[in-house]
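Positions are given from 1 along the sequence.
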Amino acid sequence: VQLQASGGGLVQPGGSLTLSCAASGRIFKIKYMGWYRQAPGKQRELVVRIPSDGRLNYADFVSGRFSISRDSARNTFYLHLNSLKTEDTAVYFCNADIVSESFAPDVSTSYWGQGTLVTVSS
């Protein structure tokens with residue numbers, strides 16, 4: 001199983017981007033999806049996650065600017081970034097807990113995408 005993150009780039013303050021995270025390989029079910037970010041010199045932090053109970057958890061700094069969505073048919077989930085600020089500059093990582101075998105639905109493995117750089121600058 002692999003996660004491929006994409007969609008990063010350079011955007012002006014106030015602009016928007018959509019990041020994608022495509023899962024490939026042996027996938028029966030994606031139990032957990034999340035986006036994290038790591039700014040230069042800082043620790044990786046949660047942006048948003050959807051745990052197995054389906055309840056969205058957004059970091060406080062999101063303040064309604066970001067949203068997560070998924071395309072289950074494509075095993076892909078997205079992070080929609082709006083009203084971007086310079087302090088949103090970071091490498092964004094996707095994370096997913098994936099069940100590979102239908103006969104073992106409680107067995108999942110955590111995978112990380114390689115990260116995609118978002119630079120917010122004028």
Side-chain angles (χ1 to χ4, degrees):
V1 176
Q2 289 186 329
L3 294 184
Q4 181 70 41
S6 62
L10 174 64
V11 62
Q12 292 186 339
S16 300
L17 278 176
T18 294
L19 309 182
S20 301
C21 183
S24 61
R26 193 169 184 85
I27 300 168
F28 170 66
K29 181 180 180 181
I30 300 177
K31 293 182 65 174
Y32 166 94
M33 296 173 288
W35 285 95
Y36 297 75
R37 71 183 188 182
Q38 187 166 15
K42 295 187 177 181
Q43 292 187 331
R44 190 173 300 188
E45 61 181 352
L46 172 71
V47 178
V48 58
R49 63 184 177 185
I50 306 178
S52 56
D53 63 5
R55 297 182 181 181
L56 291 173
N57 299 136
Y58 284 99
D60 290 341
F61 63 77
V62 171
S63 299
R65 300 180 297 129
F66 303 166
S67 63
I68 189 171
S69 66
R70 70 183 295 178
D71 182 340
S72 298
R74 297 175 184 267
N75 287 324
T76 300
F77 56 103
Y78 306 91
L79 180 64
H80 306 280
L81 307 170
N82 298 301
S83 302
L84 283 162
K85 306 175 182 179
T86 55
E87 53 263 44
D88 294 319
T89 295
V91 178
Y92 285 71
F93 298 89
C94 55
N95 173 241
D97 283 355
I98 294 175
V99 177
S100 292
E101 304 294 346
S102 59
F103 57 80
D106 296 327
V107 179
S108 62
T109 301
S110 180
Y111 297 91
W112 287 88
Q114 83 285 7
T116 184
L117 176 63
V118 173
T119 303
V120 185
S121 175
S122 56

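A heavy-atom distance below 4.5 Å is not found between the side chains of Val62 and Val48. Residues Trp35 and Ile50 are not in side-chain contact: their nearest non-hydrogen atoms beyond the backbone lie 4.5 Å or more apart.
In the hydrophobic clustering of this structure, Val118 does not group with Trp112; members are Ile, Leu, Val, Met, Phe, Trp, Tyr whose side-chain heavy atoms approach within less than 4.5 Å, directly or through other members. Note on Tyr78 and Tyr36: separate hydrophobic clusters, where clusters join Ile, Leu, Val, Met, Phe, Trp and Tyr whose side-chain heavy atoms are under 4.5 Å apart, directly or indirectly.
Sorted by first then second residue, the side-chain hydrogen bond (donor to acceptor under 3.5 Å, both in side chains) pairs that include residues 7-25, not counting sequence neighbours, are Ser16-Asn82, Thr18-His80. Applying the disulfide bond (SG atoms under 2.5 Å apart) definition to pairs two or more places apart or across chains, none involves residues 43-89.
The neighbour count for Gln2 CD, taken as heavy atoms of other residues, nucleotides or ligands under 6.0 Å away, does not exceed 12. Other residues, nucleotides and ligands place more than 12 heavy atoms under 6.0 Å from the CD atom of Glu87. Applying the 6.0 Å contact sphere to NZ of Lys31 captures more than 12 heavy atoms from other residues, nucleotides or ligands.
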N/O donor-acceptor pairs under 3.5 Å from side chains in residues 88-98, not counting sequence neighbours:
from: Asp88; atom 1: OD1; to: Arg37; atom 2: NH1; distance (Å): 2.9
from: Asp88; atom 1: OD1; to: Arg65; atom 2: NH2; distance (Å): 3.1
from: Asp88; atom 1: OD2; to: Arg65; atom 2: NH1; distance (Å): 2.6
from: Asp88; atom 1: OD2; to: Lys85; atom 2: N; distance (Å): 2.7
from: Thr89; atom 1: OG1; to: Thr86; atom 2: O; distance (Å): 3.0
from: Thr89; atom 1: OG1; to: Val120; atom 2: N; distance (Å): 2.9
from: Thr89; atom 1: OG1; to: Val120; atom 2: O; distance (Å): 3.4
from: Tyr92; atom 1: OH; to: Arg37; atom 2: NH1; distance (Å): 3.0
from: Tyr92; atom 1: OH; to: Asp88; atom 2: O; distance (Å): 2.7
from: Asn95; atom 1: ND2; to: Ser110; atom 2: OG; distance (Å): 3.0
from: Asn95; atom 1: ND2; to: Tyr111; atom 2: O; distance (Å): 2.9
from: Asp97; atom 1: OD1; to: Ser110; atom 2: OG; distance (Å): 3.4

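Residue Ser121 comes nearest to Leu10 through the heavy atom pair CB-CD1, 4.1 Å, listed as atom of the first residue, atom of the second, then distance. Taking every heavy atom of both residues into account, Val99 and Ser108 meet most closely at CG2-CB, 3.9 Å. When all heavy atoms of Val1 and Ser100 are compared, the closest pair comes out as CG2-OG, 3.8 Å.
Once rounded to the nearest 0.5 Å, the distance linking CZ of Phe77 with SG of Cys21 reads 3.5 Å. Between the CD atom in Gln114 and the OG1 atom in Thr116 there is a gap of 7.0 Å [rounded to 0.5 Å]. Between atom CG of residue Asn75 and atom CD1 of residue Ile27 there is a gap of 4.0 Å, rounded to the nearest 0.5 Å. Rounded to the nearest 0.5 angstrom, Gln38 CD and Leu117 CG are separated by 12.0 Å. We find the CZ-OG distance between Phe66 and Ser83 to be 8.5 Å, quoted to the nearest 0.5 Å. Taking OG1 of Thr76 as the reference point, atom CD1 of Ile30 lies at 7.5 Å (rounded to 0.5 Å).
Remark: Arg49 pairs with no residue by the salt bridge (Lys or Arg N to Asp or Glu O under 4.0 Å) rule, at least two apart or across chains. Applying the side-chain hydrogen bond (donor to acceptor under 3.5 Å, both in side chains) rule to Arg70 yields the partners Ser72; only residues at least two apart in sequence or on another chain are considered. Take Arg26 and apply the side-chain hydrogen bond (donor to acceptor under 3.5 Å, both in side chains) test, not counting sequence neighbours, and it matches Glu101.
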Exercise for review: Show the numbers, then the answer: is there a side-chain contact (heavy atoms from CB on, under 4.5 Å) between Phe61 and Glu45?
Suggested key: CA-CA 11 Å; Phe61 63 77; Glu45 61 181 352; 3.7 Å; yes
